[in-house]
Every structure is written in structure tokens, then in C-alpha cells.
Trainee: 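This structure is in C-alpha cells; I'll ask about it shortly.
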There are 2 protein chains.
Amino acid sequence: MAKAIKKETCQYRLIAGKDAMEVLQGKWRIPIIISLTDGDKRFGEIQREIGNISPKMLSQELKALEENKIITRTLYDSMPVTVEYSLTPLGRSTDKLLEEFLKWGTHFRNEIVGNR
Amino acid sequence: MAKAIKKETCQYRLIAGKDAMEVLQGKWRIPIIISLTDGDKRFGEIQREIGNISPKMLSQELKALEENKIITRTLYDSMPVTVEYSLTPLGRSTDKLLEEFLKWGTHFRNEIVGNR
DNA sequence: GTAAGTAGTTACCTTCAGGTAAGTAAATCT
DNA sequence: AGATTTACTTACCTGAAGGTAACTACTTAC
């Protein structure tokens, strides 16, 4: 190993933070994961739940999440073809992170967003 | 209250997630917070620690974090003027979130980033 | 007087995330 | 034959995020 970086150092933390942001960055990734945490969903269902995401962005972000092994895409040969998206184990492993994310989002809203 | 949204619903979670992302979004916010978690720092120290951030971006993001009450700026009337940045209680309240962020970032790196 | 260190600012440019609008394809309903 | 539903794709455009480089202002050291 060339220049191993210890787990406790600030440098190590900076790299781990960058890694996580690379996958979760952007306006739609977290919302999509939140939506799928609620249960497997179809394209249209996710779109309606998130509300104002265009099919282009949804399609694009779902592909990116699939490439990063966060979700899987399953095509069902039903009458109008349906596609179901679900979280992989890796996707589900964001649960604790998501929980803290939501807790902090709520805290922040109460502290700041509400007073402006 | 008009149409209260229950804490458990997917809609509530989507809003909290959006709130959190509003503050933490971008390439540099999380790294800056990580850097300051390590202790109060001066402009140049943060810049050297993060490594490749330009003074323009650092200045801009520090201002944004200050506006959101995540950090404070203190000017010291020393011989070359120094400025110290530190986390506010609200800023420090990201510690659990940050921890999960870093845990997951490491997990993700081991699962995916390492294998590509 | 000039270099070096403090903490930025300013102007300019490029890239890409994201938005908008319309089109595609296959099947089923009416 | 035309409308509807599902799940997208494609082309085009805009604005914001971020990068680069140079400049400012003050003080100390050489």
C-alpha cells in the first residue's frame, strides 16, 4: 500500500466524504432513494411521488443509480409493459445515513428555514 | 396548519431530505465541515487541508455556510491579520450525519469504487 | 525596495446539471 | 381508427456551479 491513510485522520474523512457525495450528489438521487425505501416502485409511481421531476431526469438518475449498484431495474412482461425499481442491499445500506439525513434536515428546518 | 404532513410519510421524508441537501449540496460544503470538525481553522489552513479548492470557491462557500449558521467567522487583529472559522452548535449538530456519511462512503468505496 | 505570508476579490470562461417540449413504441380499450 | 397507458428518448436551451488567473491590501522580514 502506498502511503496508507489512517481511518482517524482528517484526510481519510475527506476522501470518504467525497466518495459518498459522488453517488448521492444532485437534486434527485436522495429523493429517489427515499421513495424506494418506502417500497419497490414503478417509473410512473416514483415520478408522481417526487412530484416535479421530468421523465428525462428520472430516467437519467435511475440509470446512474443502477450503474452504482444502488438500485435494480426489473422489466415485467405485463399487458402494458411495467418496470419495477428496487433497492439493492447496497442501496438499503443507506438507511442509517438516510435516517440521520432526515433527522438533521428536520432539525435544520426548525432552526433556520422556519425563521426566514 | 394547512395539510399537516405526518412524520412517517414518504412526503415528509422527501421534504426533510430536500432541506438537508439545500445546505450540504455542492462539491465543497461537506469537505469544509469535515475540516472544521477537526478543530477551528484559518482560511489558509482549510485551503491547504482540502487541497485543490481555489480561494474564490472557499471564500464563497464559507460565506454561504455562515449565512446558514453552520459556521462563524472571527477576525483576529494580529500582526498579519488572521481569521478563524469554527462550527456553530448547528454546525456541530451534523456530527452524527457526518459519521454515517463517512461510514457509508467507506462502505461504498469498498464495495464499488475499489472494483472499477 | 522587494519578497513573502495573511485573506481574500474580481473578471472571465467553460462545463454540465437540469428544464422544456415533443416524439417514440407497443398494447389495450372503446 | 383514435385515445389511453406505460416507459421512456431526443433535441434544444439556459443558468448556475465551478475553474483559472490575476490583482488587492496590509505587515513583516531580508
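Chain identifiers are assigned alphabetically (A, B, ...) following the order of the sequence lines, protein sequences preceding nucleic acid strands; residue numbering begins at 1 within each chain.
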Trainee: For DNA chain D, whose closest nucleotide is more 5', that of A:Q60 or that of A:V81?
Mentor: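 It is A:V81, whose closest nucleotide lies nearer the 5' terminus.
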
Trainee: B:F43 has an atom CZ; how far is it from atom C1' of D:dA25, in whole Å?
Mentor: 15 Å

Trainee: Rounded to whole angstroms, how far apart are CE on B:M21 and P on C:dA17?
Mentor: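 Rounding to the nearest Å, CE of B:M21 and P of C:dA17 are 13 Å apart.
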
Trainee: Would you kindly give the CG-to-P distance between B:L58 and D:dT20, to the nearest whole Å?
Mentor: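 In whole Å, D:dT20 P and B:L58 CG are 15 Å from each other.
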
Trainee: Quick check on D:dA7: is either OP1 or OP2 less than 4.0 Å from any side-chain nitrogen or oxygen of A:Y76?
Mentor: no

Trainee: Could you check how far CD1 of B:I53 sits from P of D:dA21, rounded to whole Å?
Mentor: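 The answer, rounded to whole Å, is 17 Å.
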
Trainee: Kindly state each residue pair satisfying salt bridge (charged side-chain N to carboxylate O under 4.0 Å, His left out) with at least one member in residues 85-100 of chain A, sequence neighbours excluded.
Mentor: A:E99-A:K103, A:E100-A:K103

Trainee: Write down the partner of D:dC30 under the Watson-Crick or G-U wobble criteria, each distance required to be under 3.5 Å.
Mentor: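 Because both required distances fall under 3.5 Å, D:dC30 counts as paired with C:dG1.
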
Trainee: Between D:dT10 atom P and A:M57 atom CE, what is the distance in whole Å?
Mentor: 16 Å

Trainee: Is there a side-chain contact between B:L75 and B:T82 in this structure, where contact means two heavy atoms from C-beta onward sitting under 4.5 Å apart?
Mentor: no

Trainee: With a 4.0 Å limit, can you tell me whether A:K56 has a side-chain N or O closer than that to the phosphate oxygens OP1/OP2 of C:dT24?
Mentor: no

Trainee: Side chain of A:S59 only, heavy atoms from C-beta on: which candidate in D:dT6, D:dC8, C:dG18 is closest?
Mentor: D:dC8

Trainee: Could you work out which one of C:dG18, D:dG18, D:dC8 sits closest to the side chain of A:K27?
Mentor: C:dG18

Trainee: Which is more 5' along DNA chain C, the nucleotide nearest A:Q25 or the one nearest A:P55? Just name the residue.
Mentor: A:Q25

Trainee: Could you pick out which residue, A:R48 or B:G26, lies toward the 5' side of DNA chain D when each is mapped onto its nearest nucleotide?
Mentor: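 Mapping each residue to its closest nucleotide by heavy atoms, the 5'-most match is A:R48.
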
Trainee: I want to verify a distance call: between C:dG19, C:dT6, C:dG8, whose nearest atom is closest to the B:R42 side chain?
Mentor: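 Of C:dG19, C:dT6, C:dG8, C:dT6 is nearest to the side chain of B:R42.
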
Trainee: Indicate yes or no: at least one non-hydrogen side-chain atom of B:I53 is less than 4.5 angstrom from one of B:Q47.
Mentor: yes

Trainee: Nearest whole angstrom, please: distance from the P of D:dG19 to the CG of B:N52.
Mentor: 7 Å

Trainee: Please state how far atom CG in A:L62 lies from atom C1' in D:dC8, giving the value in whole angstrom units.
Mentor: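 These atoms are roughly 11 Å apart.
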
Trainee: Kindly state each residue pair satisfying salt bridge (charged side-chain N to carboxylate O under 4.0 Å, His left out) with at least one member in residues 55-68 of chain B, sequence neighbours excluded.
Mentor: B:R29-B:E61

Trainee: Within the structure shown, what part of the strands sits under 4.0 Å from B:S54 by heavy-atom distance: base, sugar-phosphate, or nothing?
Mentor: base

Trainee: My understanding is that only one of B:L58, B:I50, B:L65 makes a side chain to side chain contact (heavy atoms under 4.5 Å, CB included) with B:W28; could you say which?
Mentor: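 Checked B:L58, B:I50, B:L65 against B:W28; only one passes side chain to side chain contact (heavy atoms under 4.5 Å, CB included): B:I50.
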
Trainee: For D:dC8, does either OP1 or OP2 sit under 4.0 Å from a side-chain N or O belonging to A:R73?
Mentor: yes

Trainee: When the distance from CD1 of A:I32 to P of C:dG18 is rounded to whole Å, what number comes out?
Mentor: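 So the CD1-P distance, A:I32 to C:dG18, works out to 10 Å.
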
